[in-house]
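Residue numbers start at 1 and run along the sequence shown. In this text the structure is predicted, and so the values were computed from the model without any measurement.
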Amino acid sequence: ACIEARRARIAEQIEETVRAYPNVRPALMVAIAFSETHLGCDRHEGGNWGAPISRYRRHVAGTHLHAARILSRSMTVCRGDELSAARRFRTGLCNPIRQSSSPIVGRVGEAYGRRVLRIAARLERAAGGR
């Protein structure tokens, strides 16, 4: 119900992220925003999209532009690979299975990245490839 009620605002936020960060595919950004905070509708998110406001304030949710900036940076650091960028968004590592000493971080990052890509693919199919 919240997503439906905020539909116009969510569409505006998506457009704003596309303009500000053209290297981020809209479906990927929406999939991450949905996975993190259900597009800002989760309790205590304040309408934000899950990325922290800064690395110094890790438990203060940032705006849609904070999330897009982090995903854009992840796309650059991970050489344009969306799976790696999604894993970095969640864990801070492009390849947490290889880069982390914690097997839990590796498994979480891998599962998260693959789930986000599946959601993005479903969104694009539902939108007719737009």
Side-chain angles (χ1 to χ4, degrees):
C2 173
I3 291 173
E4 193 59 39
R6 295 186 66 239
R7 188 180 201 160
R9 177 66 185 132
I10 291 167
E12 290 170 7
Q13 290 172 316
I14 293 165
E15 289 298 320
E16 193 174 1
T17 63
V18 168
R19 283 191 307 273
Y21 300 98
N23 68 325
V24 174
R25 187 166 54 110
L28 181 64
M29 183 73 255
V30 172
I32 284 180
F34 181 79
S35 295
E36 290 290 324
T37 67
H38 292 95
L39 296 159
C41 285
D42 284 354
R43 183 180 285 165
H44 305 298
E45 292 298 338
N48 293 313
W49 284 15
I53 198 162
S54 78
R55 67 182 190 195
Y56 304 108
R57 297 173 67 197
R58 301 285 308 156
H59 299 289
V60 178
T63 68
H64 58 290
L65 290 174
H66 287 101
R69 183 188 76 232
I70 292 167
L71 184 55
S72 176
R73 178 72 179 140
S74 293
M75 289 293 291
T76 301
V77 169
C78 301
R79 298 186 179 114
D81 180 67
E82 289 185 341
L83 174 58
S84 296
R87 292 185 297 214
R88 184 176 185 273
F89 185 93
R90 187 73 188 131
T91 68
L93 303 167
C94 294
N95 189 337
I97 289 175
R98 214 174 50 222
Q99 296 172 312
S100 177
S101 60
S102 168
I104 293 170
V105 170
R107 285 193 303 269
V108 166
E110 190 64 26
Y112 178 86
R114 295 204 180 280
R115 182 175 57 251
V116 162
L117 291 184
R118 281 193 307 272
I119 292 169
R122 287 178 62 196
L123 287 168
E124 287 182 327
R125 280 194 305 273
R130 283 183 268 150

If the condition is side-chain hydrogen bond (donor to acceptor under 3.5 Å, both in side chains), which residues does Thr37 pass it with, not counting sequence neighbours? none
Quick one: are Val77 and Arg88 in side-chain contact, heavy atoms under 4.5 Å? yes
Partners of Arg114 by side-chain hydrogen bond (donor to acceptor under 3.5 Å, both in side chains), sequence neighbours excluded? Glu110
Sequence neighbours excluded, every pair satisfying disulfide (SG to SG under 2.5 Å) that has a member inside residues 74-127: Cys78-Cys94
In chain order, what residues pass the salt bridge (charged side-chain N to carboxylate O under 4.0 Å, His left out) check against Arg7, with sequence neighbours excluded? Glu4
Could you tell me whether a side-chain N or O of Ser74 sits under 3.5 Å from a main-chain N or O of Ile70, the two making a donor and an acceptor? yes
Taking only residues two or more places apart in sequence, or in another chain, which ones meet Arg118 in a salt bridge (charged side-chain N to carboxylate O under 4.0 Å, His left out)? none
Considering all heavy atoms of both residues, which atom of Pro96 and which atom of Gly109 are nearest to each other, and what is their separation? CG-CA, 3.9 Å
Can you list the residues that meet the side-chain hydrogen bond (donor to acceptor under 3.5 Å, both in side chains) rule with Glu82, with sequence neighbours excluded? Arg25
For Thr63, give me all partners under side-chain hydrogen bond (donor to acceptor under 3.5 Å, both in side chains), at least two apart in sequence or on another chain. His66
Partner residues of Phe34 under the ring pair (Phe, Tyr, Trp, His ring centres under 6.0 Å) criterion, sequence neighbours left out: His38
Closest approach of Ala31 and Leu123, non-hydrogen atoms and distance? N-CD1, 4.1 Å
Met75 side chain reached by Tyr21 side chain, heavy atoms, under 4.5 Å: no
Check Leu93 against Ser100 and note the closest heavy-atom contact, atom names and distance. CD1-CB, 3.7 Å
Return the minimal non-hydrogen interatomic distance between Trp49 and Thr17, and the atom names on each side. CZ3-CG2, 4.4 Å
Heavy atoms of Gly113 and Leu83 approach each other most closely as C-CD1, 3.4 Å
Pairs satisfying salt bridge (charged side-chain N to carboxylate O under 4.0 Å, His left out), at least one member in residues 96-109, at least two apart: none
Assess whether side-chain contact (heavy atoms from CB on, under 4.5 Å) is satisfied between Leu71 and Met29, documenting all intermediate values. CA-CA 8 Å; Leu71 184 55; Met29 183 73 255; 4.0 Å; yes
With the side chain counted from C-beta on, respond yes when Val18 and Val24 share a heavy-atom pair under 4.5 Å apart, and no when they do not. no
Rounded distance [0.5 Å steps], CZ in Arg87 versus OG1 in Thr91: 8.0 Å
Partner set under salt bridge (charged side-chain N to carboxylate O under 4.0 Å, His left out) for Arg9, not counting sequence neighbours: Glu12
The criterion is salt bridge (charged side-chain N to carboxylate O under 4.0 Å, His left out); which residues satisfy it with Glu16, sequence neighbours excluded? none
Pairs satisfying salt bridge (charged side-chain N to carboxylate O under 4.0 Å, His left out), at least one member in residues 61-75, at least two apart: none
Can you find a heavy atom in the side chain of Val116 that is under 4.5 Å from one in the side chain of Leu28? yes
Looking only at heavy atoms, which two atoms of Ile119 and Ser35 are closest? And how far apart? CD1-OG, 3.5 Å
Side-chain contact, heavy-atom cut-off 4.5 Å: Phe89 with Glu36? yes
